[in-house]
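Let me begin by presenting the structure, written as structure tokens, before commenting on it.
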Amino acid sequence: MIESLSTPRLDGRLDGRAALRFGIALILLWFGYMKFLPYEAEGVRGIAEDYWLFGWLYPLVGVGGASAVIGVLEVTAGALIALGGRCPWAGLVGALMGVATFLVTLSFFFTAPGIVADGYGFPALGSTGQFLAKDVGLLAICLYLAMDARGRLNL
């Protein structure tokens, strides 16, 4: 059965898939919007400018442009996931974009400064590590939604 973003179940409880879809769509839309703000663009620059996947963007389009590219990808993923309740193809594409987004951000664990707290070893996370750790759960949500959309498409 294809459900909307907030379809309640017959017993009145919110369907878990709809709750996950709403939550991750909101996060991606919000994070994507933030990438268009100058202070966020500078924050992203701190970990993305020297990263092999994004570093080439900075000389081409500058700090704001690179951040906007990331923002467009996040907003697009969030919008597609939000549509996924009604359109499984949109949900599948959006969820896979979310998977890619969170795999990329988790890969910063290997390159970004501040992952481990100064003076301690792993698993004592510094501020950057704590910020990135949430992406483990967000990745799991996107994986679940991708598998759900795939199942609803009978692929």
Side-chain angles (χ1 to χ4, degrees), residues 4-6 17-150 152-153 155:
S4 72
L5 182 62
S6 60
R17 291 177 297 179
L20 289 173
R21 186 176 296 110
F22 176 79
I24 197 71
L26 179 63
I27 289 168
L28 284 164
L29 290 167
W30 204 337
F31 283 6
Y33 158 76
M34 299 295 289
K35 299 300 186 291
F36 293 93
L37 302 177
Y39 84 92
E40 179 67 10
E42 283 297 328
V44 169
R45 175 184 179 196
I47 62 173
E49 186 175 38
D50 295 323
Y51 190 63
W52 68 271
L53 190 59
F54 299 111
W56 62 273
L57 268 174
Y58 285 86
L60 291 177
V61 296
V63 173
S67 188
V69 168
I70 296 166
V72 166
L73 292 170
E74 290 177 343
V75 166
T76 301
L80 290 171
I81 288 170
L83 293 171
R86 296 263 183 209
C87 179
W89 276 109
L92 178 61
V93 172
L96 291 174
M97 289 177 72
V99 167
T101 296
F102 297 118
L103 284 174
V104 167
T105 58
L106 285 169
S107 72
F108 286 124
F109 262 105
F110 302 106
T111 61
I115 297 298
V116 176
D118 288 338
Y120 297 89
F122 185 82
L125 297 177
S127 60
T128 303
Q130 290 177 40
F131 172 75
L132 293 173
K134 71 179 177 339
D135 290 357
V136 173
L138 300 176
L139 171 63
I141 292 169
C142 288
L143 282 170
Y144 173 81
L145 291 174
M147 291 185 293
D148 177 64
R150 181 177 169 251
R152 291 186 308 143
L153 289 166
L155 297 177

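Residue numbers start at 1 and run along the sequence shown.
In this structure A117 satisfies the side chain to side chain contact (heavy atoms under 4.5 Å, CB included) test together with Y120, A124, sequence neighbours excluded. Residues that satisfy the side chain to side chain contact (heavy atoms under 4.5 Å, CB included) test with L139, not counting sequence neighbours, are V99, F102, L103, L106, L143.
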Would you mind writing out the side-chain donor-acceptor pairs for residues 125-133 within the sub-3.5 Å range, not counting sequence neighbours?
residue : atom : partner : partner atom : Å
T128    : OG1  : P113    : O            : 3.3
Q130    : NE2  : L125    : O            : 3.0

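Side-chain atoms of L155 and W89, non-hydrogen and from C-beta on, do get closer than 4.5 Å to each other. Within the 4.5 Å cutoff, the side chain of L28 has no heavy atoms near those of the Y33 side chain.
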Practice task
Could you please spell out the steps behind the side chain to side chain contact (heavy atoms under 4.5 Å, CB included) verdict for F31 and I70?
Solution key: CA-CA 10 Å; F31 283 6; I70 296 166; over 6 Å; no

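Contacts classified as salt bridge (Lys or Arg N to Asp or Glu O under 4.0 Å) and involving residues 42-66 (residues at least two apart or in different chains) are given here: E42-R45, R45-E49. For residues 90-118, the set of pairs meeting the side chain to side chain donor-acceptor pair (under 3.5 Å) definition, not counting sequence neighbours, comprises Y51-S107, T105-D135. Sorted by first and then second residue, the pairs that involve residues 58-83 and meet side chain to side chain donor-acceptor pair (under 3.5 Å), not counting sequence neighbours, are K35-E74.
The heavy-atom pair separating A146 from L92 by the smallest distance is O-CD1, 3.5 Å. Taking each heavy atom of G64 and A41 in turn, the nearest pair found is CA-CB, 4.4 Å. Closest approach of G55 and P59 over heavy atoms only: O-CD, 3.1 Å. In this structure, R17 and L145 approach most closely via the heavy-atom pair O-CD2, 4.0 Å. Heavy-atom minimum distance, I81 versus A95: CG1-N, 3.6 Å. Counting all heavy atoms, side chain and backbone alike, A77 lies closest to G98 at CB-N, 4.3 Å.
The distance from atom CH2 of W56 to atom CZ of F54, rounded to the nearest 0.5 Å, is 9.5 Å.
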